[in-house]
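Here the structure is laid out as structure tokens; the discussion comes afterwards.
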Number of protein chains: 2
Amino acid sequence: MPELTSIHKKFIHHWGEMGTRWGISRSGAQIHALLYISPGALNAEEIAATLSIARSNVSNSIKELQSWGLVKTIHVIGDRKDRFETMEDVWEMFRVVMDGRKRREVDPTVIMLEECVGEIRKSADGDRYTRERLEALQEFFATATDWYEQTRGLSISSFRKLAGMAGWVMKALKFDRKKA
Amino acid sequence: MPELTSIHKKFIHHWGEMGTRWGISRSGAQIHALLYISPGALNAEEIAATLSIARSNVSNSIKELQSWGLVKTIHVIGDRKDRFETMEDVWEMFRVVMDGRKRREVDPTVIMLEECVGEIRKSADGDRYTRERLEALQEFFATATDWYEQTRGLSISSFRKLAGMAGWVMKALKFDRKKA
DNA sequence: CTGTAATTTCAGAATATTCTGAAATATAAG
DNA sequence: CTTATATTTCAGAATATTCTGAAATTACAG
């Protein structure tokens, strides 16, 4: 993918911007976008040249992407350069990102809430309102993580079916639906 | 909530850090945390004093939170100062954040993909692989937004039931489950 | 109106993040 | 081992974001 068309550029730039909102650096997300639309694995030099970024930036960003589990290294015999590729399956890609975000954001928050609620229960001075609020958050996170574990193994088609069920459940059984 | 205990501080600081990963500034997220654990609505001066941040920062951050729909203004008769509060319901809070993120991140991406795929179809030069990849992304986003619309109105208890169904579906019907 | 309190705006300071390029290190063929 | 090439490290530059404080604006009681 040495020559980028305007469509390639558009996609890569947008993906780069979006990546920053998902905790991935712009360069990292751009590299991911490039690998995603590249038919074959690319080496670091090719990536740096194609995206006009420093070779070292590629190295660091690849490491970042690998820490997310989004990129893996390919060794081609007769080629000393490492090559990199990303998964084709979008659903798997999404799951990998979700797992990473859970690990980095949700899990530490759950720990923090446990610690806070634990302390507040010990102190027993009657900070009732704070305790209520933190326990409500705890319950939410418990439900959310439980939910995530129940569903993260579903294939995309199963997930579609589950959405269908939700709509059906809401309509046919007149389950409680929040306004709007 | 003028005097913060160490538990309050711990929660507020953690929430502030997490907020930055969700596209909300540290100050904004800290204000949100403070309002969340405050039994009553607070005015801007109280917030600034409690969190040791500039009065103008409170003003801007409140505006940011209001753009998310996370904070609303309360007018108390006989008090010229605006007071602010946030919703108690965690589930609603989560939904509000999800709506905001969808609006800011998913919707523009869907548009970008439409534009790219549209152009690539017109050009018809045979960039088959890129087209395939972008269409795969499109399909994923279509499923995801459809799913979100189907389920965003569910109450937390319905959602719990849905998770139960998912587990049941996976086990009892031996639906396809991806490895790991 | 007038005066005072409240709020907002905004330019620049402070901070945080990302990126570069040169130097150091690692890898492997000969 | 030696030499070529490939990769990583890292200090500081470049960039982006957030925050502050003073000035401008708004709101409203008297």
Side-chain angles (χ1 to χ4, degrees), chain A residues 12-35 41-68 70-85 104-105, chain B residues 12-35 41-68 70-85 104-105:
Chain A
I12 289 169
H13 285 144
H14 184 98
W15 209 245
E17 296 310 314
M18 282 307 127
T20 62
R21 312 208 179 193
W22 282 73
I24 299 171
S25 71
R26 186 190 323 280
S27 300
Q30 285 184 350
I31 292 171
H32 177 256
L34 175 63
L35 294 178
L42 302 179
N43 66 41
E45 262 176 23
E46 289 167 338
I47 294 169
T50 306
L51 299 178
S52 306
I53 60 179
R55 175 67 185 73
S56 59
N57 189 358
V58 173
S59 183
N60 290 324
S61 297
I62 287 280
K63 220 162 53 172
E64 182 195 8
L65 289 169
Q66 281 173 330
S67 85
W68 280 85
L70 282 173
V71 159
K72 72 178 176 189
T73 306
I74 301 292
H75 288 286
V76 176
I77 49 172
D79 186 357
R80 283 177 60 179
K81 290 188 173 72
D82 286 348
R83 301 192 146 265
F84 306 99
E85 69 172 21
R104 288 156 209 243
E105 295 164 32
Chain B
I12 289 169
H13 285 145
H14 184 98
W15 208 245
E17 295 310 314
M18 281 307 127
T20 62
R21 311 208 180 193
W22 281 75
I24 298 170
S25 70
R26 186 190 324 281
S27 300
Q30 285 185 349
I31 292 171
H32 177 255
L34 174 62
L35 294 178
L42 302 179
N43 67 41
E45 260 176 24
E46 289 168 338
I47 294 170
T50 307
L51 298 178
S52 305
I53 61 179
R55 174 67 186 74
S56 58
N57 190 358
V58 174
S59 183
N60 290 325
S61 298
I62 288 279
K63 221 162 54 172
E64 182 194 9
L65 289 168
Q66 281 173 331
S67 85
W68 280 85
L70 281 172
V71 159
K72 71 177 174 192
T73 306
I74 302 292
H75 288 287
V76 176
I77 50 172
D79 186 356
R80 284 178 59 180
K81 290 187 173 72
D82 286 349
R83 301 191 146 265
F84 305 99
E85 70 174 20
R104 288 155 209 245
E105 295 164 31

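Labels below follow one simple rule: chain letters A, B, ... track the order of the sequence lines, proteins then strands, and each chain is numbered from 1.
- The CG-P distance, from A:D79 to D:dT5, rounds to 14 Å in whole Å.
- A donor and an acceptor atom, one from each side chain of B:T73 and B:Q66, are located under 3.5 Å apart.
- A:E64 places its CD atom 7 Å from the P atom of C:dT18, with the value rounded to the nearest Å.
- Taking side-chain N and O atoms only, A:K63 has a distance below 4.0 Å to OP1 or OP2 of D:dT9.
- A:S27 comes within 4.0 angstrom of sugar-phosphate atoms only, judged by non-hydrogen atoms across all strands, and of no base.
- Annotation: of the two residues near DNA chain C, B:N60 and A:N57, the 5′-most nearest-nucleotide partner is B:N60.
- Rounded to an integer number of Å, the gap from CG of B:D82 to C1' of C:dA5 is 12 Å.
- Minimum heavy-atom separation, A:I62 to A:F84: CG2-CE2, 3.6 Å.
- When both pairing distances are held under 3.5 Å, C:dT8 makes a Watson-Crick or G-U pair with D:dA23.
- One can place NE2 of A:H75 at 12 Å from C1' of D:dT7, the figure rounded to the nearest angstrom.
- Between the CD atom of B:Q66 and the C1' atom of C:dT7 there is a distance of 12 Å, rounded to whole Å.
- The nucleotide whose nearest atom lies closest to any side-chain atom of B:K81 is, among D:dT20, D:dT9, C:dT7, C:dT7.
- Straight-line distance from the CD1 atom of A:I31 to the P atom of D:dT7: 13 Å, rounded to whole Å.
- The backbone N or O of B:N43 sits less than 3.5 Å from a side-chain atom of B:E46, completing a donor-acceptor pair.
- For the residue pair B:A41 and B:E85, the shortest heavy atom distance occurs at CB-CB, 4.1 Å.
- Atom CD1 of B:I53 is separated from atom P of D:dT18 by 13 Å (rounded to the nearest Å).
- Taking 90° from 0 as the syn/anti boundary, the base of C:dA13 is oriented anti.
- Comparing D:dG21, C:dT8, C:dA22 by their nearest atom to the side chain of B:S56 picks out D:dG21.
- Distance from the side chain of B:R80 is smallest for D:dC28 among the nucleotides D:dC28, C:dT20, C:dC19.
- Among the nucleotides C:dT8, D:dT8, D:dT20, the one closest to the side chain of B:A54 is D:dT20.
- Put simply, A:S59 has a side-chain N or O that comes within less than 4.0 Å of OP1 or OP2 on D:dT8.
- The separation between B:R26 atom CZ and C:dA14 atom P is 17 Å, rounded to whole Å.
- Note on A:S25: only backbone sugar-phosphate atoms sit closer than 4.0 angstrom, heavy atoms only; bases stay farther off.
- Annotation for A:A29 and A:I24: closest pair N-CG2, 3.6 Å, computed over non-hydrogen atoms.
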